[in-house]
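Okay, structure first, notes after.
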Amino acid sequence: MGAGKLRIGGAWSGVLEVELDEWTVATLREEVAKKSGLVGPHCINLICAGRVLRDGDGTEKLSQLGVKNNAKILASKVSTDQEGNSLKEEFLAEEERSKRLSRLKAAATSLASRHADGSLPVEDFNLELENQSGEKVQLGDETDQRAIMMGLMLHANAKTLIKRQQYKDALEVLTMGEEAFSLCDPKVIEMVDNVSILQIDMVWCYFMLHDISWLSVAGIRLAKAREGIERAHGKESSRMRVLQGGRYPELALYLRLQLLEGVVAYHSGQLQKSKEALAAAQAKYTQLQVPDETLSLLMSMGYKARDAKRALRMSNQDVGSAVDFLVEEKAKKERKREEDRRRQQDILEQKKYGMTPLRKPVDLQKLNELVSIGFEKELAAEALRRNENDTQRALDDLTNPETNSVIQIEIESRKRKRLRQAASAASEELVSMGFPRAIVDAALLRFGTQEQALNHLLGQPNTNAAADVNPSIPPLNMSSLDAGQGVGTSSEEVGGGPSTQKEVEDRDAEMEDELTGELLKGDAYSDYDIDVTLEGEAINEYLAKLAG
């Protein structure tokens with residue numbers, strides 16, 4: 001299209017000669033502001049064909065925005081109030097963004113601290129580190145575990161922001177993730193590729209933001225990423241190939257790495273190096289393209305398109321290997337669901353027994369050992385809780401008649417307290433419905449459970465109702481009162497620091513749910529599961545630049 005003329009009206013009227021393939025909206029605004037004699041380009045709004053022309057990321061040319069030769073442009077002056085409001089809105093938006101990032105970091109820190117040191121979680125799940133086979137792993141000490149957990153949570157959140165094309169926010173979160181990983185022992189972190197993948201994602205954000213100022217640091221990050229990946233995967237991915245049974249899950253990741261290496265080399269004037277890196281990336285891009293007939297074959301077997309495409313990419317388009325992968329993944333997910341259910345039940349059971357003085361849950365394996373030799377479960381749990389899960393000391397207490405008696409008295413005392421709390425809560429709930437307190441209390445004493453008491457109060461028959469409620473009737477055995485869900489033993493009742501309820505109140509549930517939601521949706525291959533459409537476009541763009 002090249003050179004052209006634009007007819008300007010409004011704040012300044014006249015004809016401007018422009019380069020439609022070169023000028024951006026900002027360039028045009030600057031020129032109009034200069035011609036109009038106004039303070040600056042920020043005071044000008046440009047409207048073409050009923051549409052306000054926006055700066056966007058600053059790289060789009062007028063021709064790309066549909067501005068043609070001889071187009072009419074209305075240049076309107078932004079009022080002082082409008083300008084002030086715009087700046088105020090921008091400031092408030094930035095302040096809100098900053099607050100959100102702070103909350104995100106605080107939530108990640110809190111979650112990692114709770115789940116890394118073996119404390120009883122506030123939630124009914126545990127965050128645990130797994131390898132690509134889905135096996136639980138222990139990396140380093142408690143500090144290392146906490147650092148890795150925090151880094152992984154923040155990285156997962158950043159990946160979601162990248163998918164939404166919120167690259168600036170993603171970069172901020174990735175930086176926080178990098179800081180978290182840096183707290184881990186370098187020897188421990190060398191065993192995994194997560195930090196290297198984070199470095200690649202950071203450079204991808206630089207690239208998508210078209211920020212050339214990051215060029216030098218981008219090169220350093222990519223060099224570190226390549227070194228880290230080769231250390232974790234083995235030379236030419238030899239270790240990865242053995243671990244993955246000949247599959248190629250990392251192919252898309254290497255494609256992105258080589259593309260970015262090619263881009264950095266191009267802008268650094270290393271054209272031959274750029275050409276080699278881009279050619280290697282292009283070969284991988286071709287390798288990752290899934291043939292329609294192969295995809296249709298897997299879909300005809302009942303697999304979803306996304307899952308089938310992922311399996312084919314990771315299996316180098318081998319149908320048999322892809323089917324095996326899909327079957328293995330289904331079995332792995334089922335095992336994980338079963339493990340999660342079992343772990344959830346364990347956590348709910350542990351919460352019944354409270355926390356040790358150092359705020360750790362009762363060790364269920366040690367508890368089962370004591371039960372297997374004849375001790376009553378609740379009694380054995382209390383002995384372990386008191387003795388910081390030391391089996392021998394717990395055994396000493398259980399076999400000492402005096403200490404055993406003290407433990408039993410304490411357990412019974414707590415049971416009565418829980419029952420009183422449950423009865424009080426049930427009474428308050430029924431009174432809040434409008435029933436007189438005296439009648440409510442009498443009904444609860446007579447029928448034992450809240451449900452049966454409510455049935456009586458509503459005039460419905462109770463199967464065990466032998467007489468009308470009378471406040472003078474003595475209470476039934478209080479052990480029949482339903483004190484089930486919602487009336488667990490807090491750590492405050494059994495000693496051991498702040499109560500679980502207090503932790504529930506202090507946590508930022510919204511942010512924590514956002515962080516854990518990303519992790520719970522992911523799997524061992526999430527880091528390698530990249531849609532390479534944008535990468536393919538970028539490869540062609542830079543190869544064309546090299547050819548020109």
Side-chain angles (χ1 to χ4, degrees), residues 110-130 135-149 184-185 188 339-418 483 487-504 506-507:
S110 177
L111 268 170
S113 298
R114 290 206 306 270
H115 288 265
D117 67 355
S119 296
L120 189 68
V122 173
E123 310 83 1
D124 60 357
F125 63 85
N126 249 355
L127 293 177
E128 296 173 295
L129 298 175
E130 294 181 352
E135 299 164 342
K136 302 289 185 292
V137 292
Q138 177 79 28
L139 293 176
D141 60 17
E142 186 183 311
T143 302
D144 297 325
Q145 291 272 113
R146 187 184 300 122
I148 293 172
M149 280 185 183
C184 188
D185 183 341
V188 172
E339 284 172 11
D340 288 345
R341 278 195 293 267
R342 194 160 51 245
R343 183 61 187 129
Q344 188 178 44
Q345 288 169 355
D346 287 347
I347 291 171
L348 292 174
E349 183 180 356
Q350 286 174 312
K351 285 183 177 181
K352 288 194 303 184
Y353 305 132
M355 291 186 284
T356 70
L358 293 180
R359 302 186 68 252
K360 298 292 188 290
V362 169
D363 188 313
L364 294 183
Q365 186 177 344
K366 292 180 179 180
L367 174 60
N368 290 332
E369 287 171 8
L370 290 174
V371 171
S372 70
I373 58 177
F375 293 105
E376 192 270 322
K377 198 167 194 178
E378 198 169 6
L379 194 65
E382 176 60 15
L384 282 169
R385 189 199 69 75
R386 286 166 159 243
N387 290 291
E388 211 57 65
N389 285 314
D390 187 313
T391 305
Q392 186 55 54
R393 285 165 55 197
L395 199 55
D396 291 343
D397 280 353
L398 291 167
T399 53
N400 182 317
E402 188 178 330
T403 316
N404 188 304
S405 176
V406 169
I407 293 174
Q408 288 191 52
I409 290 169
E410 190 168 329
I411 289 172
E412 288 304 316
S413 172
R414 280 209 305 275
K415 277 184 181 177
R416 286 195 294 273
K417 182 178 178 182
R418 287 201 299 274
V487 194
T489 306
S490 79
S491 57
E492 209 167 24
E493 290 177 36
V494 293
S499 70
T500 302
Q501 184 60 39
K502 180 67 166 63
E503 288 185 19
V504 171
D506 288 345
R507 64 189 280 253

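Both backbone and side-chain heavy atoms feed into the values below; hydrogens, waters and symmetry mates do not. Note that the numbering runs from 1 along the sequence shown for the chain. Small disclaimer: the values here were computed from a predicted structure and weren't measured.
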May I have the step-by-step check of side-chain hydrogen bond (donor to acceptor under 3.5 Å, both in side chains) for Asn404 and Gln408, ending in yes or no?
CA-CA 6 Å; Asn404 188 304; Gln408 288 191 52; 2.6 Å; yes
From Lys417, Arg416, Arg386, residue fulfilling salt bridge (Lys or Arg N to Asp or Glu O under 4.0 Å) relative to Glu410:
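Going through Lys417, Arg416, Arg386 one by one, the salt bridge (Lys or Arg N to Asp or Glu O under 4.0 Å) with Glu410 is satisfied by Arg386 alone.
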Decide yes or no for [X] and [Y]: does some side-chain heavy atom of the first lie under 4.5 Å from some side-chain heavy atom of the second?
X	Y	result
Thr399	Phe375	yes
Leu367	Leu364	yes
Asn368	Gln365	no

Results of side-chain hydrogen bond (donor to acceptor under 3.5 Å, both in side chains) for Gln392 - residues two or more places apart only
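For Gln392 the side-chain hydrogen bond (donor to acceptor under 3.5 Å, both in side chains) partners, ignoring immediate neighbours, are Asp396.
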Looking at residues at least two apart in the chain, or sitting in another chain, which of them share a side-chain hydrogen bond (donor to acceptor under 3.5 Å, both in side chains) with Arg341?
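For Arg341 the side-chain hydrogen bond (donor to acceptor under 3.5 Å, both in side chains) partners, ignoring immediate neighbours, are Glu338.
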For Glu382 and Arg385, what are the C-alpha separation, side-chain angles and deciding distance, and is it a salt bridge (charged side-chain N to carboxylate O under 4.0 Å, His left out)?
CA-CA 5 Å; Glu382 176 60 15; Arg385 189 199 69 75; 3.1 Å; yes
Within the side chain of [X], is there an N or O that forms a donor-acceptor pair under 3.5 Å with the backbone of [Y]?
X	Y	answer
Asp363	Glu388	no
Asp397	Ala383	no
Lys366	Asn389	yes

For Leu384 and Tyr353: C-alpha separation, side-chain torsions, deciding distance, then whether side chain to side chain contact (heavy atoms under 4.5 Å, CB included) applies.
CA-CA 10 Å; Leu384 282 169; Tyr353 305 132; over 6 Å; no
